[in-house]
S.K.: 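My questions all concern the structure below.
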Amino acid sequence: GMYALAFVYDDIETVVKDALQLIPPKSEFYQCIADVIRWHEVFPDDWKRAWFEAQKKWTVERGCPKGVFQPFNIDAKINAAYIVIGLLYGQGDYGATIDISTRCGYDSDCNPANAAGILGTMMGYDQIPDFWKQGIDQVEDLNFSYTDMSLNKVYETGYSHAVEVIKQQGGKEEGDVMVIPFQSPQTVPLEVAFEGLFPVERKRLSAQ
């Protein structure tokens, strides 16, 4: 949702708040992100306080096997919260956004990558500081391990898929310009994982 809205808006708070409309309000995911937005309003100059409040309230993990009863958490809502903290407190500064989202911890490669990707979409590739793009041209034709896909192939594939989806949704291609019809966010149906379940112990199983 934030990626899509970043093509339209140039205000981080608008993107974050409007994207939340996609999430069912009764879900823990919605409540977690809504808390982050509220903490940002209460502590606008202290991202560490917002992080601490999120840690206290939203880090109990029951869905990630490696995270149960361990200080390890790749649960979607808390990691999405740390993407949002990076975006809100980074205030449009590319480096600060990456720094804050990384320092929040947990899935701290994917989280800053998404925060930077959303902000980069809003800014446009040419406006991303050169510091963060250095060296990319030297690896764009190298295949990822165990694949025949390079970054350049990923760009081409992603672009072709995007064009097809845009056309399916009523958009059109006019030379080098894509005309994309604006769609208002629609809330997705509520789904609850592991409802009524919670782990009670952790055991290591052996094949022997």
Side-chain angles (χ1 to χ4, degrees), residues 1-25 27-37 40 47 50 54 74-102 104 106-129 132-133 136 140 144 149-173 176-191:
M2 289 192 290
Y3 269 110
L5 289 163
F7 281 99
V8 181
Y9 297 108
D10 59 4
D11 179 74
I12 289 292
E13 292 189 31
T14 298
V15 166
V16 170
K17 292 177 180 178
D18 282 12
L20 192 56
Q21 296 177 43
L22 294 164
I23 310 299
S27 68
E28 290 185 353
F29 192 106
Y30 181 102
Q31 295 163 27
C32 177
I33 304 304
D35 276 344
V36 170
I37 294 170
H40 176 252
W47 73 263
I74 57 170
D75 180 61
K77 62 181 176 291
I78 191 63
N79 286 284
Y82 294 158
I83 293 170
V84 170
I85 287 177
L87 287 167
L88 291 176
Y89 285 93
Q91 298 180 327
D93 182 291
Y94 205 75
T97 298
I98 292 172
D99 180 61
I100 293 169
S101 190
T102 302
C104 282
Y106 291 136
D107 201 355
S108 56
D109 54 351
C110 296
N111 295 345
N114 277 298
I118 292 161
L119 180 57
T121 299
M122 183 182 295
M123 297 166 60
Y125 186 78
D126 291 342
Q127 299 302 312
I128 296 174
W132 296 103
K133 296 186 288 188
I136 291 179
E140 285 178 307
F144 292 99
M149 293 293 289
S150 65
L151 278 172
N152 277 324
K153 290 179 183 176
V154 170
Y155 303 156
E156 293 169 7
T157 302
Y159 182 78
S160 65
H161 288 175
V163 169
E164 290 305 311
V165 171
I166 290 167
K167 289 179 178 178
Q168 288 174 12
Q169 296 298 316
K172 55 186 177 180
E173 192 171 9
D176 294 334
V177 176
M178 293 301 304
V179 179
I180 305 174
F182 182 81
Q183 297 174 326
S184 298
Q186 300 293 319
T187 306
V188 299
L190 175 65
E191 295 182 41

S.K.: Restricting to side-chain hydrogen bond (donor to acceptor under 3.5 Å, both in side chains), what partner residues turn up for Gln127, sequence neighbours left out?
M.R.: none

S.K.: Could you measure the distance from the CD1 atom of Ile100 to the OH atom of Tyr89? Nearest 0.5 Å is fine.
M.R.: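 Those atoms lie 9.0 Å apart.
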
S.K.: Can you tell me if Ser160 uses its side chain to pair, donor with acceptor, with the backbone of Thr157 under 3.5 Å?
M.R.: yes

S.K.: Using side chain to side chain contact (heavy atoms under 4.5 Å, CB included) as the criterion, list what pairs up with Val179, not counting sequence neighbours.
M.R.: Lys172, Glu174

S.K.: Not counting sequence neighbours, list each pair that qualifies as a salt bridge (charged side-chain N to carboxylate O under 4.0 Å, His left out) and has a residue in residues 88-100.
M.R.: Asp99-Arg103

S.K.: When Val84 is tested against each of Asp35, Val15, Val16 for side chain to side chain contact (heavy atoms under 4.5 Å, CB included), which residue passes?
M.R.: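 With Val84 as partner, side chain to side chain contact (heavy atoms under 4.5 Å, CB included) holds for just one option, Val16.
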
S.K.: Glu13: which residues meet the side-chain hydrogen bond (donor to acceptor under 3.5 Å, both in side chains) condition with it, sequence neighbours left out?
M.R.: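 By the side-chain hydrogen bond (donor to acceptor under 3.5 Å, both in side chains) rule, Glu13 matches no residue at all.
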
S.K.: I'd like to check the side-chain hydrogen bond (donor to acceptor under 3.5 Å, both in side chains) partners of Tyr155; sequence neighbours left out, ordered by chain and number.
M.R.: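 Applying side-chain hydrogen bond (donor to acceptor under 3.5 Å, both in side chains) to Tyr155 gives Glu140.
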
S.K.: Please report the interatomic distance CE(Met2) to CD1(Ile12), rounded to the nearest 0.5 Å.
M.R.: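 It comes to 8.5 Å.
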
S.K.: Take Lys153 and Phe144, measure what side-chain contact (heavy atoms from CB on, under 4.5 Å) needs, and give me the verdict at the end.
M.R.: CA-CA 10 Å; Lys153 290 179 183 176; Phe144 292 99; over 6 Å; no

S.K.: Would you please classify the geometry between the Tyr106 ring and the Tyr82 ring as parallel, tilted or perpendicular, with 30° and 60° separating the classes?
M.R.: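 Answer is parallel, since the angle falls under 30°.
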
S.K.: side-chain contact (heavy atoms from CB on, under 4.5 Å) for Ile180 and Phe7? Distances and angles first, verdict last.
M.R.: CA-CA 10 Å; Ile180 305 174; Phe7 281 99; 5.7 Å; no

S.K.: Quick check: closest heavy atoms across Ile128 and Lys133, and the distance to 0.1 Å?
M.R.: O-CE, 3.2 Å

S.K.: With sequence neighbours excluded, what pairs up with Ser184 under the side chain to side chain contact (heavy atoms under 4.5 Å, CB included) test?
M.R.: Phe182, Gln186

S.K.: Give a yes or no answer on whether the side chain of Ser101 reaches the backbone of Thr97 with a donor-acceptor pair at less than 3.5 Å.
M.R.: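 Side chain of Ser101 to backbone of Thr97: no pair is present.
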
S.K.: Can you name the side-chain hydrogen bond (donor to acceptor under 3.5 Å, both in side chains) partners of Asp11, sequence neighbours left out?
M.R.: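 For Asp11 the side-chain hydrogen bond (donor to acceptor under 3.5 Å, both in side chains) partners, ignoring immediate neighbours, are Thr14.
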
S.K.: Distance from Ile33 atom CD1 to Ile85 atom CD1, nearest 0.5 Å?
M.R.: 8.5 Å

S.K.: With sequence neighbours excluded, what pairs up with Pro185 under the side chain to side chain contact (heavy atoms under 4.5 Å, CB included) test?
M.R.: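 Scan of Pro185 (side chain to side chain contact (heavy atoms under 4.5 Å, CB included), adjacent residues dropped) gives Gln21, Leu22.
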
S.K.: Which heavy atom in Cys104 sits nearest to a heavy atom in Trp47, and how many Å separate them?
M.R.: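 That would be SG-CZ3, 3.9 Å.
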
S.K.: Can you name the residues that form a side chain to side chain contact (heavy atoms under 4.5 Å, CB included) with Ser27, not counting sequence neighbours?
M.R.: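 Side chain to side chain contact (heavy atoms under 4.5 Å, CB included) list for Ser27, sorted by chain: Ile23, Pro24, Phe29, Tyr30, Leu190.
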
S.K.: When rounded to the nearest 0.5 angstrom, what distance separates CD in Glu28 from CD1 in Ile78?
M.R.: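 Between Glu28 CD and Ile78 CD1, I get 11.5 Å after rounding to 0.5 Å.
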
S.K.: Could you work out, with salt bridge (charged side-chain N to carboxylate O under 4.0 Å, His left out) as the rule, every residue matching Glu173, not counting sequence neighbours?
M.R.: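 If we apply the salt bridge (charged side-chain N to carboxylate O under 4.0 Å, His left out) test to Glu173, skipping adjacent residues, the hits are Lys167.
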
S.K.: Cut-off 3.5 Å, no hydrogens considered: what does the side-chain donor-acceptor table look like for residues 111-125, sequence neighbours left out?
M.R.:
unit_1: Asn111; atom_1: ND2; unit_2: Asn79; atom_2: OD1; d: 2.8
unit_1: Asn111; atom_1: ND2; unit_2: Asp107; atom_2: O; d: 3.3
unit_1: Asn114; atom_1: OD1; unit_2: Tyr3; atom_2: OH; d: 3.4
unit_1: Asn114; atom_1: ND2; unit_2: Cys110; atom_2: O; d: 3.1
unit_1: Thr121; atom_1: OG1; unit_2: Gly117; atom_2: O; d: 2.8

